[in-house]
Amino acid sequence: MAQDIVKLISQKPESGRHPGALRILQITDCHLHANTEWKLAGINTQISFDWVMSLAEQQKAQTDLLLLTGDLVHDASPIGYRRLRQRVQEFGVRACCLPGNHDKPETLNAHMRGGLVDVPKQVKLGNWLIILLDSTQPHLEGGHLSERELRTLDKLLRDNPDRHALIALHHHPIPINSAWMDEMVLDNPRPFLSLLERHDNVKGVIWGHIHQTFETDHHGIRMLGTPSTCIQFIENQDTFGISTAPPGFRWLELQPDGRIDTGVERIAALPPGLDLKTAGY
Ligand SMILES: [Fe+2]
């Protein structure tokens with residue numbers, strides 16, 4: 001790997017974090033595979049993931065948590081998950097995972113636990129609470145939050161009124177101005193958003209799935225979508241299209257007063273082989 005590929009192209013956050021802040025790196029949509037030679041739209045997803053993790057390594061000393069938000073292993077193979085867990089373990093920072101539509105939640109649960117890696121529903125860090133939701137549905141690409149997930153979310157928020165809350169899930173809970181991708185949006189956003197609106201300690205929602213940067217605000221809650229560690233989709237386009245934007249991750253700095261500072265960092269260039277004519281994924 002050319003070391004110069006793995007350099008920051010976005011603004012580096014100002015010299016480390018603020019006192020008392022917590023730093024999370026969101027790694028998402030890795031689409032790894034049992035076969036490390038496997039490619040998605042011409043990109044070797046293992047190589048792309050390795051390059052993004054090398055970029056993340058530069059921030060390791062300031063990082064409190066890795067958050068892996070689904071589509072971790074495209075073929076949901078046990079060997080793919082075990083290889084991923086090993087790599088995340090080597091990173092040396094506590095890591096939490098949730099499933100995406102390409103994962104099999106039961107296989108992910110079985111192989112992504114142990115050492116520093118886990119598949120929890122909640123993580124308490126400082127005066128923050130991070131809640132991890134499963135928005136997947138068997139054999140469907142779109143998202144849904146079951147009654148059980150919504151009850152869990154409500155209970156965790158009610159039980160922790162003094163903690164600022166960050167909610168993580170795979171699917172986007174609001175449209176992103178991209179018709180083909182918005183067909184795979186969370187299909188029951190209203191109960192989810194209503195619940196968040198009732199708890200004023202909710203400060204942010206983060207997701208994967210959309211393979212692009214997205215940032216907006218919903219009733220004062222930061223709403224954040226994040227690029228994939230492999231291929232990216234063209235933003236604000238109604239039909240499927242692959243972008244030439246390089247892969248990356250999102251960093252979040254959770255401040256003690258409830259503010260969220262955040263940004264996206266990308267590797268300096270695309271891994272070789274991107275096929276822009278790919279018709280779908
Ligand atoms: Fe994905």
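All residue numbers in this chain count up from 1 along the given sequence. Just follow the structure's listing: the first ligand is 1, and inside any ligand the first atom is 1.
- Residues forming a side-chain hydrogen bond (donor to acceptor under 3.5 Å, both in side chains) with Arg190 (at least two apart in sequence, or on another chain): Ser194, Glu197.
- In summary, Arg87 and Glu57 engage in a salt bridge, as defined by a charged side-chain N under 4.0 Å from a carboxylate O.
- Judged as a side-chain hydrogen bond (donor to acceptor under 3.5 Å, both in side chains), and not counting sequence neighbours, Asn127 has no contacts.
- The shortest side-chain heavy-atom distance between Leu169 and Leu186 falls under the 4.5 Å cut-off.
- Residues passing the side-chain hydrogen bond (donor to acceptor under 3.5 Å, both in side chains) test with His171 are Ser135, sequence neighbours excluded.
- Taking a cut-off of 2.8 Å, the protein N, O or S atoms nearer than that to the Fe ion (ligand 1) are Asp29 OD2, His31 NE2, Asp71 OD2, His211 NE2.
- Trp180 and Leu276 fall within the same hydrophobic cluster, defined by Ile, Leu, Val, Met, Phe, Trp and Tyr side-chain heavy atoms under 4.5 Å apart, directly or through other members.
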